[in-house]
Each structure stands twice: as structure tokens, then as C-alpha cells.
Amino acid sequence: NFSVDNDVRSSFIQRRLRSQERREMQREILSILGLPHRPRPHVHTKHNAAPMFMLDLYNTISTDAEPPGYSYYKPVLPTQVSPMVTPQDSRFLDDADMVMSFVNLVDQDQDLLYQQHRREFRFDLSRIPEGEAVTAAEFRIYKDFIQERYENETFKVSIYQVLQEPPNSEVELLLLDQREVWAAEEGWLVFDVTDTSNVWLVNPEQNLGLHLVLEDSNGQTRNSRLGGLVSGSGPQDKQPFMVVFFKANEVRFRSIR
Amino acid sequence: SAHKGRQSNRSKPQRTVQDALKAVEAATDNLGISKEGCKKHELYVSFRDLGWQDWIIAPEGYAAYYCEGECAFPLNSYMNATNHAIVQTLVHFINPDTVPKPCCAPTQLHGISVLYFDDSSNVILKKYRNMVVRACGCH
């Protein structure tokens with residue numbers, strides 16, 4: 001029943017676990033990780049933008065913390081869009097106990113039919129464990145190079161928090177962050193949404209999402225695709241997402257079993 | 001010694017617990033007591049072997065390690081015993097039925113980070129402190 005793998009774990013003599021032992025082992029490790037059950041994600045491709053960004057963050061930590069000789073445990077995935085992790089992210093990471101990325105819940109194709117000049121994004125922040133305080137939060141969207149525009153043409157990208165969505169009237173918006181971008185620019189645009197994340201955590205009913213508005217140099221509202229902003233049917237490794245950095249504000253004890 | 005005066009006693013250095021321990025070690029060396037002391041042992045926890053590749057992105061597993069071995073005389077240097085462990089061992093030696101031996105446990109721990117999907121396909125990067133045993137010792 002003993003086997004020795006001819007790979008990186010060759011120094012460890014292994015015994016195949018019986019199914020009962022395996023279940024016990026899984027239960028113990030889940031308890032150590034502080035998880036009530038094994039997560040069952042419906043999408044688990046590691047090549048989407050958010051997992052790739054998170055893996056970059058993971059590798060940033062691992063480089064510092066792991067002892068020599070353990071670096072080969074790091075999974076190497078292709079990074080088509082880089083660098084995703086900014087020096088500011090590294091600073092946030094140093095201070096964080098946990099980082100979480102959130103997928104956009106808005107069906108972008110439906111959104112396209114409904115809103116031509118305003119993009120909507122929604123993120124479910126309700127599954128954050130208790131006792132975690134937000135230290136920083138970012139909304140990230142990819143800006144592609146657009147060949148058909150003049151290189152020196154500029155656009156203004158604005159991110160708004162939706163305050164109210166009254167039926168049969170205009171939505172009430174709060175401007176969070178704004179950025180001027182060149183048509184020739186390419187890379188991730190990062191918007192600070194820390195204050196909004198804190199509001200949403202305290203009052204989940206106020207989480208009505210974010211709106212993105214693109215304006216040309218004449219102040220005319222344009223379709224975000226025109227400015228090269230990727231979402232919806234764009235490549236998976238360039239889809240917008242939200243990332244939140246947390247710090248535990250209390251000592252947590254594992255539950256008694 | 002009852003025959004020696006107070007002055008000569010004062011000039012003589014006092015015997016420490018360590019001196020006493022050395023004497024007991026020397027005495028027990030000949031008794032055939034096991035020398036398999038408290039040591040760090042390897043244990044690799046493989047998330048892949050647990051069938052968790054669909055939700056744990058990284059790492060594939062980690063070297064957890066654990067501590068095992070006797071904390072009894074002779075307490076060799078590699079046991080990294082605390083002063084209290086030495087006293088505990090002495091008292092246990094005198095009264096083994098009521099006083100337990102010191103415990104072989106981690107003296108130095110390190111953290112790891114785990115990257116995983118939750119049920120909603122959000123990604124969580126969590127730093128777990130004190131997950132990997134770096135050194136063991138007798139407490």
C-alpha cells in the first residue's frame with residue numbers, strides 16, 4: 001500500500017488512504033481551513049481574469065514566505081495580460097489577512113440591449129466571513145488598444161455607485177472615481193471603490209451595483225466598447241471584476257466539534 | 001557535606017538544574033531507555049490526492065510536518081527543551097504516576113497561503129498563520 005512518487009514529493013513516503021480515512025482527512029483539513037463544507041464552484045476555470053490576478057497575488061506572497069526548495073509547488077499558468085499586480089496591490093496585500101475577488105453578476109448581453117451608453121456591474125459581497133474589515137477595494141476593467149481611433153484621442157471613464165433605482169425615473173448615482181484614457185492605451189484600469197464596499201458590507205440592501213460611463217473629448221456619452229473597454233462577449237482573461245482586501249479585526253477561534 | 005564549613009560552601013558554585021540533569025542522564029544512559037526523542041516528522045498534505053483540484057487553485061499541497069517522540073531522560077540537545085520541560089521531566093521522574101512527561105510539540109510555526117474558489121466562483125486568497133511546523137521541542 002505504500003508508494004513513492006517520482007516527483008517533487010519523492011522525499012515523502014505515501015500510503016494511499018482508505019475511503020473512510022480520506023473522508024476523515026478531508027474533514028480535518030476543512031476544519032483547519034475554517035470551512036464548513038467543501039466549496040462547489042459552478043465555474044472553476046483558472047484562466048479567467050479574476051483567478052489569474054489572484055494567482056499573481058498568491059505568487060507574490062509565496063515568493064517571500066516559502067522556504068527555498070518549495071517554490072516548485074507554485075502552479076504556473078500563462079499570464080497573457082501583465083502586469084496585473086501593481087505596487088499598490090502589493091502594499092495592500094502585505095497588510096491583508098484575506099483577499100477576495102468577486103465575479104460580475106450582470107448578464108452583459110442583456111445589459112447591452114438595455115443600456116447602450118452605461119454599463120452595469122453587480123457583485124455579491126454577502127458571503128464575506130464575519131470579523132473581516134475592508135482595507136481596500138478595487139474595480140478592475142481591461143482597456144484594449146483600439147486601432148480605428150486616433151492615437152491621441154482621449155476618453156473619460158467614470159465609475160458611479162448606484163444609490164437608488166426608483167421605478168419609472170432616473171437612477172440616482174454617486175461619482176466614485178474618474179480616469180482619462182488615451183485611445184492607444186492598453187491594460188487594466190483600476191478604480192478605488194473602498195468606501196462603497198464598506199457601505200455595502202454594513203448595509204447589504206444598498207448594494208445596487210456600479211455604473212460605468214464613457215465620454216469622448218466632447219463630453220458625449222459613448223458605448224464603452226468604442227473606448228476599448230472589455231466586458232460581456234470579450235475574452236475571459238480580460239473580464240472586469242472586483243477585488244477586496246480584508247484584515248481580521250478580531251481573534252477567531254475554531255468551533256468546537 | 002556536614003564536615004565542611006559555611007565559608008567553603010559559599011565559595012563553591014551552586015549546582016544548577018542542568019547539572020542535576022546531566023547526572024541523571026549519565027545514570028539513565030545505562031538503563032536502556034529509548035533515545036527516540038522529540039523530532040519533526042514529515043507529512044505532506046496533498047490537496048490533489050484529496051480530490052480538491054476543482055476548488056483549490058494553489059498550492060497543490062503543503063508540507064505540514066508534525067512533532068513526535070519521547071520527552072524523557074535523556075533530554076538530548078536536539079529536543080530543544082525549555083527550562084520548564086527539564087523541571088517537568090525531573091518531577092515526572094520522581095513521581096511518574098501523577099506528573100506527566102513534558103509534551104513534544106511545535107516550538108516554531110510558519111504560515112501558508114491558500115487560493116481557492118468559493119461556491120459562487122469568487123476567488124479567496126487567505127493567509128493561514130501557524131500552519132507549518134518549523135521546529136519541535138519539549139514543553
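Per chain, numbering begins at 1; letters A, B, ... match sequence-line order.
Here the shortest heavy-atom pairing between Val45(B) and Met25(A) reads CG2-CE, 4.5 Å. The shortest non-hydrogen separation linking Met100(A) to Ile124(B) is CG-CG1, 3.4 Å. Nearest heavy atoms, Arg38(A) versus Asp54(B): NH2-OD1, 2.8 Å. Closest non-hydrogen pair, Asn122(B) versus Val103(A), comes out as OD1-N, 3.0 Å.
With hydrogens and angles ignored, the 3.5 Å screen pairs a side-chain donor or acceptor of Asp119(B) with a backbone N or O of Arg40(A). For Asp97(A) (side chain) and Lys127(B) (main-chain N/O), no donor-acceptor pair under 3.5 Å exists by modelled atom type.
At a 4.5 Å heavy-atom cutoff, Leu125(A) makes no contact with chain B through either its backbone or its side chain. Of the atoms belonging to Leu105(A), not a single heavy atom falls under 4.5 Å from chain B.
Taken from CD1 in Ile61(A) to CG in Leu115(B), the straight-line distance is 9.0 Å, to the nearest 0.5 Å. In this structure, NE2 on His42(A) lies 10.0 Å from CZ on Phe117(B), to the nearest 0.5 angstrom.
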Run the side chain to side chain contact (heavy atoms under 4.5 Å, CB included) test on Tyr58(A) and Val123(B) for me, step by step, so that the C-alpha distance in whole Å, both residues' side-chain angles and the decisive distance to 0.1 Å come before the verdict. CA-CA 11 Å; Tyr58(A) 171 84; Val123(B) 183; over 6 Å; no
For a side chain to side chain contact (heavy atoms under 4.5 Å, CB included) check, start with the C-alpha distance between Met131(B) and Leu33(A), then their side-chain angles and the critical distance, and finish with the verdict. CA-CA 10 Å; Met131(B) 285 283 276; Leu33(A) 296 176; 4.2 Å; yes
Is there a side chain to side chain contact (heavy atoms under 4.5 Å, CB included) between Ile29(A) and Trp52(B) once you walk through the steps? CA-CA 11 Å; Ile29(A) 300 292; Trp52(B) 285 350; 3.6 Å; yes
